[in-house]
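Worksheet: the structure to be examined is printed underneath.
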Amino acid sequence: MTGSDLTALVSTQCPCLRELDLFITLIVNFHVLIHSNSLHTLVLRVLETRRLEVVAPRLEELTVFARPLEAHISATKLVKVAWHGVYDPHLHRFVDVGSTLRLLKTSSQALSLTKRFDEVDELDHLSIDLKWQDVARYESFLNETNKLLKCKSLCISLLWEHALVPVMWHLLRSCNGTKRLRVHLWGPWSQRVMHSCLPACPYRLEESLKIDVIDLSSLEEVEISGFSGSHEQMELVEFLSSNARILKRLRINYHNCRRPKEAREKVRSMCHPNLKVEFFVFHEGRQVLVE
């Protein structure tokens, strides 16, 4: 349909609409206006949108997959936001919305969205995609994430394992008050021995190596998926177990671990006796606990 048809349908012909999930491609008139006093949940996969305007005073949940070139979102009761794709704060504007959310999902192309809000209960799927020896991309990542919003639960999805520790140290500086941390590691599983840092490696930047300002005093649960037992992963586990004083549970989900028994013994030797450590493997479509 055209953008004007979609605007008329939602804004004038559906006065009681509460939930809307759109998956269409616009053919003419690329501007979409959604004005609704009844909408509570809105999911948008509207391709070929130049400008999106949403005015919905009762809207609580917003999900955007195919991002428009420009967006203007006004929703005073918004508490859940999922933004997939590029986010530009100059072109995609949230106005008349609060500074606190219950849930925020972002991608590697929308890290700056975390600066729009001050606090969130759950920061989910903070996707980090870093390229080997790409200094410009790494410095951009540092700038975009130099101050994440406060969150009780943080889920990080990290693509490529090189320099895992400095990247995690940088992100953990924003974990003051975080109670639950989940880390999903993705990478070239056929190359389990990752490159060693060269002296000029961008991950050796001084701001990436500071640990004196990391406060994990609230951290109670940690889950690491894609665990292979590499040196950097062990270093991360040791850092977390040593600095999270009230950590109660550590869950490790294996993936292509060459010496799982040795890895389990090494992890347990790093952790204090009161910490519950669990290991899981993926077997026949489900996670299985390893004793």
Verdict with reasoning, I73 to V95, per side chain to side chain contact (heavy atoms under 4.5 Å, CB included): CA-CA 6 Å; I73 312 294; V95 298; over 6 Å; no
Verdict with supporting geometry, F227 and H255, side chain to side chain contact (heavy atoms under 4.5 Å, CB included): CA-CA 5 Å; F227 189 84; H255 191 102; over 6 Å; no
Full working for side chain to side chain contact (heavy atoms under 4.5 Å, CB included) between C155 and H184: CA-CA 8 Å; C155 177; H184 298 280; 3.5 Å; yes
Test side chain to side chain contact (heavy atoms under 4.5 Å, CB included) applied to L171 and I156, step by step: CA-CA 9 Å; L171 295 173; I156 299 169; 3.6 Å; yes
Chi angles and distances behind the side-chain hydrogen bond (donor to acceptor under 3.5 Å, both in side chains) call for S157, W186: CA-CA 7 Å; S157 181; W186 312 101; 2.9 Å; yes
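To the nearest 0.5 Å, the span separating NE2 on H72 from CG on L33 amounts to 10.0 Å. Rounded to the nearest 0.5 angstrom, I214 CD1 and C175 SG are separated by 8.5 Å. Annotation: the span from N243 atom CG to L172 atom CG amounts to 9.5 Å, rounded to 0.5 Å. In this structure, K147 NZ and K115 NZ are separated by 8.5 Å, a value rounded to the nearest 0.5 Å. Between atom CG of residue L39 and atom CG of residue L59 there is a gap of 6.5 Å, rounded to the nearest 0.5 Å. Taking CD of E70 as the start and CZ of R50 as the end, the distance is 10.5 Å to the nearest 0.5 Å.
Judged purely by atom type and a 3.5 angstrom limit, T49 has no side-chain atom pairing as donor or acceptor with the backbone of L52. The backbone N or O of A8 lies less than 3.5 Å from no partner atom in the side chain of S11, so there is not a single donor-acceptor pair. The main-chain N or O of G229 is found under 3.5 Å from a side-chain atom of Q233 such that the two form a donor-acceptor pair.
For an aromatic pair to be called close, the ring centres must be under 6.0 Å apart, and W169 with F239 satisfies this. Less than 6.0 angstrom separates the ring centroid of H170 from the ring centroid of F141. Between Y254 and F280, the ring centre distance reaches or exceeds 6.0 Å.
Nearest heavy atom pair, residue Y87 against residue S112, reads CD2-OG, 3.4 Å. In terms of heavy-atom proximity, L164 sits nearest to E232 at N-OE1, 2.8 Å. In terms of heavy-atom proximity, S228 sits nearest to C257 at O-SG, 3.4 Å. Between P68 and V64, the shortest heavy-atom distance links the atoms CD-CG1, 4.1 Å. Shown here for V86 and H92, the closest heavy-atom pair between the two residues is O-CE1, 3.8 Å.
Placement of V55 and V97 in two distinct hydrophobic clusters is found when ILVMFWY residues are connected by side-chain heavy-atom separations under 4.5 Å, directly or transitively. When hydrophobic clusters are built by joining Ile, Leu, Val, Met, Phe, Trp and Tyr residues whose side-chain heavy atoms come closer than 4.5 Å, directly or via intermediates, M234 is grouped together with V222. Hydrophobic cluster membership is shared by V183 and V281, with clusters built from Ile, Leu, Val, Met, Phe, Trp and Tyr side chains linked at under 4.5 angstrom. Placement of F94 and L103 in two distinct hydrophobic clusters is found when ILVMFWY residues are connected by side-chain heavy-atom separations under 4.5 Å, directly or transitively. Linking ILVMFWY side-chain heavy atoms closer than 4.5 Å, directly or via other members, places L22 and L62 in a single hydrophobic cluster.
A cation-pi contact, defined as under 6.0 Å to the ring centre and within 45° of the axis, links R45 to F23.
D121 and K152 are joined by a salt bridge, as a carboxylate oxygen and a charged side-chain nitrogen come within less than 4.0 angstrom of each other. Salt bridge present: R249 and E278 bring a charged side-chain N and a carboxylate O closer than 4.0 Å.
Side chains of V10 and L6 form a contact here, defined as non-hydrogen atoms less than 4.5 Å apart. Side-chain contact between L250 and V237 is present, with at least one heavy-atom pair separated by less than 4.5 Å. With a 4.5 Å cut-off on side-chain heavy atoms, I24 and L47 do not count as touching. A heavy-atom distance below 4.5 Å is not found between the side chains of P166 and M168. Here the side chains of I34 and L44 are in contact, with some heavy-atom distance below 4.5 Å. The shortest distance between side-chain heavy atoms of L104 and D124 does not fall below 4.5 Å. Put simply, the side chain of F65 reaches to within 4.5 Å of the side chain of V43, judged on heavy atoms. Inter-residue side-chain proximity for I128 and L111 is flagged as met; some heavy-atom pair is nearer than 4.5 Å.
Other residues, nucleotides and ligands contribute only 12 or fewer heavy atoms inside 6.0 Å of the CD atom of E19.
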Would you give me the side-chain donor-acceptor pairs under 3.5 Å for residues 263-273, sequence neighbours excluded?
unit_1, atom_1, unit_2, atom_2, d
S269, OG, K266, O, 2.6
H272, ND1, N274, N, 3.4
H272, ND1, L275, N, 3.2

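Neither side chain, S140 nor N143, offers a donor N or O lying under 3.5 Å from an acceptor on the other. Between the side chains of T106 and H125, no donor-acceptor pair of N or O atoms lies under 3.5 Å. Side chain to side chain, R251 and N253 meet the donor-acceptor criterion of an N or O pair below 3.5 Å.
Sorted by first and then second residue, the pairs that involve residues 32-44 and meet side chain to side chain donor-acceptor pair (under 3.5 Å), not counting sequence neighbours, are R18-H40, H35-E53, S36-S38.
Evaluated for a salt bridge (Lys or Arg N to Asp or Glu O under 4.0 Å) with E122, the options R182, K80, K150 yield exactly one hit, R182.
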